[in-house]
Protein chains: 2
Amino acid sequence: MSSAYVTLEQVAQHAGVSLATASRVINGSTRQVSQRLSDKVKASAQELGYLANASAQTLARNSSSLVGLLVHDIADPYFSSIARGITRHTEEQGLVTVLGTTYRSAQKESTILAALRAHRAKAIVLVGSRSTDEDSNTTLVREIEAFQQQGGRVACVSQPGLPADTVSPDNHAGATELARHLIAQGHRRFAILAGPTNLSTARERLDGFHSALSAAGLELQHHNIVHGDFTRDGGYESTQRLLRLGSDATCLFAVNDVMATGAMAALREAGIRVPEELSVAGFDDIPTLRDLTPSLTTVRLPLEQMGEHAAQMALDHEHEGEFRTVHVQGEILIRESTRPPAL
Amino acid sequence: MSSAYVTLEQVAQHAGVSLATASRVINGSTRQVSQRLSDKVKASAQELGYLANASAQTLARNSSSLVGLLVHDIADPYFSSIARGITRHTEEQGLVTVLGTTYRSAQKESTILAALRAHRAKAIVLVGSRSTDEDSNTTLVREIEAFQQQGGRVACVSQPGLPADTVSPDNHAGATELARHLIAQGHRRFAILAGPTNLSTARERLDGFHSALSAAGLELQHHNIVHGDFTRDGGYESTQRLLRLGSDATCLFAVNDVMATGAMAALREAGIRVPEELSVAGFDDIPTLRDLTPSLTTVRLPLEQMGEHAAQMALDHEHEGEFRTVHVQGEILIRESTRPPAL
DNA sequence: CTAACCTGGGAAAGAGTTTTCCAAGACAGA
DNA sequence: TCTGTCTTGGAAAACTCTTTCCCAGGTTAG
């Protein structure tokens with residue numbers, strides 16, 4: 001056989017029309033084609049099982065149906081929830097989602113961005129707060145702009161400050177509200193399980209918490225701050241460190257639920273009861289972690305919708321050329337893990 | 001400008017060689033090119049920032065660097081763990097992963113498979129037990145074979161019986177071992193939170209449990225079996241149903257951890273203490289669910305490695321033409337949620 | 001010394017689509 | 001009847017890369 005594939009030319013021949021006519025029918029060009037021929041072409045395509053060669057289309061159109069999705073770790077429920085929202089939208093649009101995982105490596109990120117550029121992806125959604133490291137950030141901006149110059153759209157989730165559409169949770173407000181709740185419950189000595197200092201999400205949540213304390217005339221003591229890496233095990237280890245330092249806090253704010261989970265495990269092992277002896281709060285309201293005992297006081301973010309919204313922005317054609325920023329407010333959820341401190 | 005992109009021809013011109021020579025240098029053809037020219041071409045490419053047009057390559061080679069990954073739901077930690085293993089391997093190989101989510105819809109699955117075929121994907125990894133529905137299964141087999149005939153490789157995870165490489169957990173053995181453990185603890189009346197009857201994974205786990213009971217001369221009473229849909233909420237609701245039916249069981253086996261989580265929530269709400277009043281066991285050992293209280297007795301599956309292994313099989317070139325099946329044994333983990341029944 | 005053989009490099013033929021440009025035919029208005 | 005306007009269909013260029021075929025020049029063997 002000459003080719004294992006059915007080509008548009010074969011469809012055209014089978015329908016007795018020219019290649020161009022067949023193409024016009026298949027992808028509904030502006031030019032009119034008579035009903036009779038149009039039907040004939042469609043029937044032909046159906047009959048022969050025609051499936052357009054995507055690479056040929058991409059080559060001719062200089063744009064593919066691929067949408068890139070960059071996350072740090074797809075097994076982290078924070079990212080997989082957002083990813084779900086993104087894929088929901090892209091698949092609805094008949095597009096194909098490319099999943100790239102970076103593990104917070106600027107180099108892996110570059111590799112994937114280059115691949116998406118090479119494939120003439122239609123859009124890219126970047127998820128997850130980014131290192132504020134100067135160099136890698138300017139590199140990222142250059143790559144984003146290169147992609148945009150070849151006609152691609154970019155949207156970011158939780159990654160402010162880039163030349164792209166952005167969906168960001170109001171981390172500051174969420175953490176502030178959470179702090180106010182703890183203060184209202186009577187807590188005066190706080191410990192915080194902060195995130196990597198160079199990630200905006202981590203910084204904003206820390207700042208928000210801080211500013212509520214300051215506003216209430218309270219202080220966060222230096223030895224009551226530890227930094228984790230946003231993972232469960234990081235939270236576990238950092239909490240152990242905190243305990244070794246002999247914290248006198250009555251409550252612990254972990255800047256994300258995943259670390260809070262590790263914190264609770266460490267506390268349980270250390271024989272410290274939550275919330276009787278220590279209140280714990282998290283951030284995100286990760287769906288998979290809603291069944292912890294005690295249930296976690298946290299700030300709910302609509303992760304899935306955030307992803308969906310970002311994908312929408314990256315793919316709608318209304319607002320070419322402008323960058324929109326959407327702020328999402330979290331909703332504070334008071335659950336079992338926080339209560340007024342024992343006297 | 002004529003084109004916003006650097007083409008190989010431009011690289012060749014800039015290096016003072018022919019297009020063919022440049023191509024031979026770039027993708028290391030069998031034909032030798034002198035060191036001098038080779039270096040010149042590489043320097044040229046570097047200098048001009050050459051990035052090969054992936055669609056042109058795909059068109060010419062009739063094979064792309066895309067690897068498809070089909071899961072039911074990327075937000076389900078079972079799938080996201082496996083997905084992590086798969087992407088680890090594909091990204092190591094410099095390939096691009098396409099994520100397709102099917103939500104157990106045969107139609108969505110077909111759509112994605114067609115897209116992957118259109119893109120001349122190099123391989124596809126299908127994850128998740130599949131409906132045994134006759135029709136959709138033959139359709140799937142046809143689609144798989146069509147893809148293989150165009151030169152693509154297919155691997156499956158937890159989806160036996162397809163014409164492809166397969167990595168499958170030994171669900172039967174795992175459930176049997178779990179049942180033996182419960183029997184050894186003294187349990188005699190069992191309840192089971194089974195999965196969708198048409199999914200092989202669910203059936204095998206149910207069968208394995210059953211056969212251990214039979215071997216011990218025990219019976220599983222009809223009213224002690226309920227079916228869930230493998231989701232947390234499904235487990236929750238099915239457990240409520242079980243309670244309404246007035247189960248007399250001393251232990252409950254949920255055929256996956258996610259449903260076990262819902263079960264524990266329903267039990268807690270109903271005021272039934274685990275494990276004091278009722279033992280609970282799950283299956284999978286989902287990483288995110290390891291911090292439940294009480295910790296869940298379960299069968300650990302190396303989800304990430306399973307994904308990685310499947311990707312390897314789909315991408316190695318050693319074993320073209322043959323279909324290999326790898327069975328993975330689970331490891332039983334006795335934790336807090338099971339204990340001998342009260343007298 | 002000549003025939004056979006290598007080696008490196010260039011020209012050109014695809015790969016399958018989209019899209020522009022042009023021709024031919026139909027038809028209405030003058 | 002002629003001109004101008006539509007409508008429809010076809011030919012061909014363009015997109016960028018891979019790969020085959022062939023040639024020129026040099027090397028080796030007989």
Side-chain angles (χ1 to χ4, degrees), chain A residues 1-41 44-45 48-66 115 117-120 122 150-151, chain B residues 1-41 44-45 48-65 114-115 117-120 122 150-151:
Chain A
M1 66 200 126
S2 62
S3 162
Y5 303 93
V6 178
T7 70
L8 191 53
E9 186 168 19
Q10 289 169 21
V11 172
Q13 273 175 10
H14 188 261
V17 302
S18 81
L19 174 59
T21 304
S23 171
R24 285 200 276 258
V25 171
I26 296 298
N27 49 43
S29 138
T30 45
R31 284 278 292 275
Q32 284 288 4
V33 175
S34 72
Q35 193 61 44
R36 194 178 54 88
L37 288 196
S38 173
D39 289 350
K40 225 158 143 189
V41 170
S44 249
L48 300 182
Y50 173 68
L51 179 64
N53 182 324
S55 45
Q57 289 183 316
T58 301
L59 186 58
R61 294 195 183 129
N62 198 32
S63 174
S64 72
S65 59
L66 264 42
R117 212 136 51 82
H119 279 280
R120 303 291 185 266
K122 179 173 261 101
Q150 41 169 80
Chain B
M1 67 200 118
S2 62
S3 163
Y5 304 94
V6 178
T7 70
L8 191 53
E9 186 169 18
Q10 290 170 20
V11 172
Q13 274 176 10
H14 188 261
V17 302
S18 81
L19 174 59
T21 303
S23 171
R24 286 201 274 257
V25 171
I26 296 297
N27 49 42
S29 141
T30 45
R31 285 280 291 273
Q32 284 290 3
V33 175
S34 72
Q35 193 61 46
R36 194 181 53 90
L37 287 197
S38 174
D39 288 350
K40 224 159 145 188
V41 171
S44 243
L48 300 182
Y50 174 67
L51 180 65
N53 181 323
S55 46
Q57 288 183 317
T58 301
L59 185 58
R61 294 199 181 123
N62 198 33
S63 174
S64 73
S65 59
R117 212 135 52 80
H119 280 279
R120 302 294 185 263
K122 179 172 260 102
Q150 39 169 82

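A note on names: the letters A, B, ... follow the listed sequences, proteins ahead of strands, and every chain is numbered from 1. The analysis underlying the following values was restricted to heavy atoms, covering all of them including side chains, and did not include hydrogens, waters or symmetry mates.
- One interatomic measurement links the two molecules: CD of B:Gln13 to C1' of D:dT16, which rounds to 14 Å at whole-angstrom precision.
- Applying the side-chain contact (heavy atoms from CB on, under 4.5 Å) rule to B:Ala118 yields the partners A:Leu51, A:Ala54; only residues at least two apart in sequence or on another chain are considered.
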List, with names and distances, any nitrogen or oxygen atoms from the protein found under 3.5 Å away from nitrogen or oxygen atoms belonging to nucleotides 17-19 of chain D.
from	atom 1	to	atom 2	distance (Å)
D:dC17	OP1	B:Tyr50	OH	2.6
D:dC17	OP1	B:Asn53	N	3.2
D:dC17	OP2	B:Leu8	N	2.6
D:dT18	OP1	B:Asn27	ND2	2.8
D:dT18	OP1	B:Gln57	NE2	3.1
D:dT18	OP1	B:Arg61	NH2	3.2
D:dT18	OP2	B:Ser23	OG	3.2
D:dT18	OP2	B:Asn27	ND2	3.3

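- With values rounded to the nearest 0.5 angstrom, A:Asn53 atom CG is found 12.0 Å from B:Arg117 atom CZ.
- To the nearest angstrom, P of C:dT17 lies 11 Å from CG of B:Asn62.
- A:Ser55 has no side-chain polar atom (N or O) that falls below the 4.0 Å cut-off from OP1 or OP2 of C:dT17.
- Considering only residues two or more places apart in sequence or on other chains, A:Ser65 meets the side-chain hydrogen bond (donor to acceptor under 3.5 Å, both in side chains) condition with B:His119.
- Put simply, A:Thr58 has no side-chain N or O that comes within less than 4.0 Å of OP1 or OP2 on C:dT17.
- Toward the 5′ end of DNA chain C lies the nearest nucleotide of B:Leu37, the other residue of the pair B:Leu59 and B:Leu37 mapping further downstream.
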Working for side chain to side chain contact (heavy atoms under 4.5 Å, CB included), residues A:Val25 and A:Leu37: CA-CA 9 Å; A:Val25 171; A:Leu37 288 196; 5.9 Å; no
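- Shown here are the side-chain hydrogen bond (donor to acceptor under 3.5 Å, both in side chains) partners of B:Asp39, two or more places apart in sequence or in another chain: B:Gln35.
- Proximity of a side-chain donor or acceptor of B:Ser64 to a complementary backbone N or O of B:Arg120 within less than 3.5 Å is detected.
- Two end axes, each from the C1' atoms of five base pairs, can be drawn for the helix from C:dC1-D:dG30 to C:dA30-D:dT1; they diverge by 50°, to 10 degrees.
- Residue B:Thr7 holds its OG1 atom at 7.5 Å from CD of B:Gln13, rounded to the nearest 0.5 Å.
- For B:Thr21, the side-chain hydrogen bond (donor to acceptor under 3.5 Å, both in side chains) partners two or more places apart in sequence, or in a different chain, are B:Ser18.
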